[in-house]
Amino acid sequence: MNKNHYAVIMAGGIGSRFWPMSRNLHPKQFIDVLGTGRTLIQATFDRFREFLPLENIYVITHIDYTQDVHTQLPELQPYQILSEPARRNTAPCIAYASNKIYASNPAATLIFSPADHLVVNTTKFAEVLQGALSVCEKQDIIMTLGILPTRPDTGYGYIQFIETEDKKTKYHKVKTFTEKPDLELARTFLQTGEFLWNSGIFIFSTKSILAALKNFLPDLQNDFLKIKKHYNTDTEYTKIVDLYEKSPNISIDYAVMEKAANVYVTPASFGWSDLGTWNSLYEQSPKDYHQNAIQGNLIVYESTGNVIKIDNNKLVVIKDINDLIIVDTNDVLLICSRNQEQSIRDIVADVRKLKGEQYV
């Protein structure tokens with residue numbers, strides 16, 4: 001294994017579109033969403049453990065979840081778990097981890113990956129990422145991983161790339177980024193053959209990303225440079241608290257990826273889903289004879305196309321219902337049409353307003 005290759009697992013999100021299973025105090029990355037016996041963050045860790053040194057796998061998360069990471073990934077040492085005092089999106093998150101790792105190894109090349117994605121073909125995943133690491137450690141480029149689309153999905157961002165003349169090249173210069181399009185535009189994207197789903201997985205050397213941060217977010221990068229001597233000491237978190245108080249809330253996509261001239265994408269296909277919604281869970285789950293994705297103590301009659309998750313031992317009997325999301329936790333029952341899943345975030349906001357924080 002290459003001692004200069006690292007992975008940073010980003011595990012600070014709330015996952016509100018997976019409510020009521022995913023909650024503020026116990027979000028989806030710490031849940032066994034697929035019923036495999038491993039939580040999503042554990043499965044992500046397992047993938048990287050196959051081809052990276054254990055000591056080179058880091059997790060960055062919100063301070064509220066630091067203990068969850070320690071509990072679920074006991075293999076990690078305290079220095080490998082970075083705690084953010086506030087949610088400031090992915091640019092400060094990536095700046096923090098990149099600066100910290102650079103301070104101890106300036107030759108490091110990094111993968112940044114969300115903690116809550118599904119990967120079916122882990123062997124292919126490792127092959128693609130190892131190839132990207134090899135490219136990025138030799139060239140001053142910022143790489144993103146693009147997923148070959150299988151349908152005109154409106155829940156993903158899209159990356160348009162420029163085809164290179166060399167057909168053997170496994171990466172391409174990025175032309176445009178597009179946030180979640182409407183269905184008609186998504187269909188057009190697929191027809192052109194020039195677009196990939198944006199996986200939110202990034203690969204780059206520490207030198208390349210720190211140079212980009214200095215160029216596009218100079219104040220933020222200078223702040224991280226000022227606390228360099230505090231990394232891996234008892235004063236690190238105190239300095240990070242002060243820094244995050246004035247840190248911008250901005251994504252790495254908007255801050256760097258959409259502006260830098262050296263951004264490339266490598267197309268990949270290894271059975272991927274961001275598991276961002278109940279419908280994405282439905283698509284990736286095993287189904288019964290009537291195409292229901294079910295987990296729990298259930299008896300189902302004359303019902304089709306439902307995603308049902310029962311988190312307790314209660315017997316639930318379903319008859320003559322179709323295309324619903326049904327989630328039963330200890331204190332919340334959600335029943336929602338699958339075609340209205342995008343409204344769940346609004347529902348969570350209403351629950352917070354009307355019923356308080358205990359249910360979110």
Side-chain angles (χ1 to χ4, degrees), residues 9-35 39-41 43-44 61-62 64-65 68 87-90 93 113-119 147 149-158 178-183 186 197-201 249 251 253-254 272-285 292-296 305-311 323-360:
I9 300 170
M10 299 179 287
I14 296 173
S16 59
R17 289 182 295 171
F18 252 107
W19 184 86
M21 180 180 64
S22 182
R23 311 288 275 271
N24 283 353
L25 295 180
H26 193 57
K28 68 172 181 171
Q29 58 265 33
F30 302 110
I31 299 172
D32 181 9
V33 171
L34 294 165
T39 66
L40 293 178
I41 191 173
T44 302
T61 190
H62 190 272
D64 289 347
Y65 310 143
D68 290 298
R87 292 183 177 87
R88 292 291 187 265
N89 216 314
T90 51
C93 160
S113 170
D116 52 3
H117 289 182
L118 168 71
V119 170
I147 305 298
T150 57
R151 60 186 181 277
D153 199 302
T154 60
Y156 295 143
Y158 285 74
T178 303
E179 283 302 309
K180 301 172 184 177
D182 59 30
L183 184 58
W197 287 337
N198 189 348
S199 71
I201 298 173
N249 188 342
S251 71
D253 300 75
Y254 183 75
W272 173 90
S273 172
D274 73 347
L275 289 179
T277 65
W278 286 107
N279 271 330
S280 64
L281 177 62
Y282 174 84
E283 294 295 334
Q284 298 299 330
S285 298
N292 299 295
I294 58 177
Q295 293 184 41
N306 300 288
V307 53
I308 307 171
K309 185 171 177 60
I310 310 300
D311 278 350
D323 301 316
L324 293 183
I325 299 166
I326 302 174
V327 186
D328 190 20
T329 70
N330 289 332
D331 59 349
V332 176
L333 170 64
L334 170 69
I335 303 173
C336 173
S337 174
R338 279 180 53 204
N339 64 18
Q340 291 297 313
E341 68 165 1
Q342 294 299 329
S343 66
I344 289 179
R345 275 186 171 173
D346 296 330
I347 291 171
V348 172
D350 289 340
V351 168
R352 176 179 284 109
K353 179 179 179 181
L354 299 172
K355 299 294 181 179
E357 293 290 332
Q358 73 180 96
Y359 294 109
V360 297

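All values reported here derive from a predicted model rather than from experimental measurement.
Here R23 pairs with D331 in a salt bridge; the nearest charged N to carboxylate O distance falls below 4.0 Å.
When every heavy atom of D153 is checked against every heavy atom of Y158, the shortest pair comes out as O-OH, 2.6 Å. Between R87 and G12, the shortest heavy-atom distance links the atoms NE-O, 3.1 Å. Across all non-hydrogen atoms, the minimal contact from D182 to T154 is C-CG2, 3.7 Å. Taking every heavy atom of both residues into account, W272 and Y156 meet most closely at CZ3-CZ, 3.6 Å. Nearest heavy atom pair, residue S251 against residue T90, reads CA-OG1, 3.3 Å. Between F18 and L275, the shortest heavy-atom distance links the atoms CE1-O, 2.7 Å.
Within the 4.5 Å cutoff, no side-chain heavy atoms of Q284 are placed close to those of V33. Proximity of L281 to L34: side-chain heavy atoms (C-beta onward) are separated by under 4.5 Å at one or more points. Residues T61 and D68 form no side-chain contact, since every pair of their non-hydrogen atoms from C-beta on lies 4.5 Å or further apart. I201 is listed as a side-chain neighbour of P114, based on a closest heavy-atom distance under 4.5 Å.
Under the rule for a side chain to side chain contact (heavy atoms under 4.5 Å, CB included), the partners of D311 that lie at least two apart in sequence or sit in another chain are M21, K309, T329. By the side-chain hydrogen bond (donor to acceptor under 3.5 Å, both in side chains) test, W19 pairs with no residue at all, sequence neighbours left out.
Here the straight-line distance linking atom CG of L324 with atom CD1 of I308 works out to 8.0 Å at 0.5 Å rounding. Taking OG1 of T44 as the start and CG of D116 as the end, the distance is 7.0 Å to the nearest 0.5 Å. Atom CD in Q29 sits 11.5 Å away from atom CE in M10 (nearest 0.5 Å). Taken from NZ in K180 to CG in N198, the straight-line distance is 11.0 Å, to the nearest 0.5 Å. The CG atom of N89 lies 5.5 Å from the CG atom of N249; values are rounded to the nearest 0.5 Å. Within the model, atoms CZ of R338 and CG of N279 stand 4.5 Å from one another, a figure rounded to the nearest 0.5 Å.
For L25, the CG atom counts as loosely surrounded, since its 6.0 Å shell holds 12 or fewer non-hydrogen atoms of other residues, nucleotides or ligands. More than 12 heavy-atom neighbours from other residues, nucleotides or ligands sit within 6.0 angstrom of CD on E357.
Looking at T277 and R17, their side chains never bring a donor and an acceptor atom within 3.5 Å of each other.
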Query raised in the report: Would E283 and L118 satisfy side-chain contact (heavy atoms from CB on, under 4.5 Å), going step by step from the backbone distance to the final call?
Result: CA-CA 11 Å; E283 294 295 334; L118 168 71; over 6 Å; no
Requested in this report: Starting from the C-alpha separation in whole Å, work towards a yes-or-no answer on side-chain contact (heavy atoms from CB on, under 4.5 Å) for W278 and V327.
Outcome: CA-CA 10 Å; W278 286 107; V327 186; 3.4 Å; yes
